[in-house]
Every structure is written in structure tokens, then in C-alpha cells.
Amino acid sequence: MAVIRFVETNERIENGEEISKYLETQGIVYENWDITKLQGDLQENYEVTPERSEAILNVFKPEIDALSAKRGYKSSDIVVLSKATPNIEELLVKFQDEHHHTEDEVRFIVDGEGVFTIKGPKDGVYFDVVLYPGDLISVPANTRHWFTLTDLRKVKAIRIFESKDGWVAVYDESELQSQA
Ligand SMILES: [Fe+2]
């Protein structure tokens, strides 16, 4: 279950229901899927082969399909970040720059941990969402955010896309589309 940490006050929300409620007030989709459905080494194995990726996506197909029908998502894949990732430190430096996308950024944590720091779309208040296996978040389009790993230094996740083109990072906040 995720944890929310407010950047300025260090205040935390650790209760599942309250986390869902807070994220809902910010217009952020959060779900928790049953990670124990993954059999064998599908959760822990960081060597991503097409076979293993397909097997993981198949296990969560009902959840992915239901969310995609609601939000208009069209494709999904598996991504891993770990000490074995070439240029991991450079990648992380890039991910830690505040940016937004023109479509939702959707991540389901299969293994490891990840942190999205989000500028609350409704009030501009910055908060961290620490994500653990089973957590799904959809950072809404045009919402400023950045991503980091925890001390575990690894994450394996399902990414779900509307179109891969929309997932280009826009670093310049002045390029935010007006929300008319
Ligand atoms: Fe992003």
C-alpha cells in the first residue's frame, strides 16, 4: 500500500482509504491490485524477456483492460530499473527533473519501490507518493512531477499508455497546455 508524504511539512498519510481519498481529491487515479497473482519468479526476476513480460501482462489483463476502458489507454509494457541498468545514475538524474506529459503517466509496481513527487493539480502543494508492489498510479496529463527510486534502488513496473508519443517529458512549465 502506498504512502503519501508532504514535501514541505513532512506530514504523512499511511491509511489506505485516506490515501485513495486524498489522491481522488487531486484527480489522481490510484488502485491496488493483487500482486500475489504472480507465480514463480515473474515478480522478482529483473531479466525482462518477451515471454516473461507477456506472462505478467496476461496475469493483470483484466485489471489493465478495465482501467484502459475507463481512461482510453491502448498499450502496455514492462520496464525495469536496477543497478544492472546501464547509465542508471544518469537516467535517475533525468527523471528527477520536474516535468509533465501531454497524457497520463501510468505505472503499476510489480516489484521494488518508486516515488512520484507530484505538484497537486488542484492546489499546487507538492507531495511524494511512495509506491510498493501492487500499487497503481496514473499521474494525470499536464501535472508537474518527477520520479525517484528509494534506497532499494530498484523497480519493476507495468507502463500503460494512451499513445507512446504523448509520454515525451516536457520540462518547461510554460509549455503547460491551458486547461480551458
Ligand atoms: Fe514523467
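Not measured: the values here are computed from a predicted model. Every heavy atom of this structure was used, including side-chain atoms; hydrogens, water molecules and symmetry mates were not.
Using a cutoff of 4.0 Å between basic side-chain nitrogens and carboxylate oxygens, E89 and K83 are not scored as salt-bridged. Between E31 and K70 there is a salt bridge, with a side-chain nitrogen of the basic residue lying less than 4.0 Å from a carboxylate oxygen of the acidic one. By the 4.0 Å N-to-carboxylate-O rule, R107 lies close enough to E105 to be salt-bridged with it. Using a 4.0 Å cut-off between charged nitrogen and carboxylate oxygen, K119 and E173 count as a salt-bridge pair.
Note: H100 and H145 fail the aromatic proximity criterion, with ring centroids not under 6.0 Å apart. Aromatic ring centroids of Y22 and F127 lie under 6.0 Å apart. Two rings, from F6 and Y126, have their centers 6.0 Å or more apart.
Below 30°, between 30° and 60°, or above 60°: for F95 and F147 the angle between ring planes is above 60°, a perpendicular geometry.
Looking at heavy atoms from C-beta onward, R71 lies in side-chain contact with V29 at the 4.5 angstrom threshold. Inter-residue side-chain proximity for N45 and R52 is flagged as met; some heavy-atom pair is nearer than 4.5 Å.
No continuous path of hydrophobic side-chain contacts links L131 to W146 [ILVMFWY only; heavy atoms under 4.5 Å]. Residues I137 and Y73 are members of separate hydrophobic clusters, defined by side-chain heavy-atom contacts under 4.5 angstrom among Ile, Leu, Val, Met, Phe, Trp and Tyr.
Residue V129 is tested with L23, I13, T117, V115 for a side chain to side chain contact (heavy atoms under 4.5 Å, CB included); the sole match is L23.
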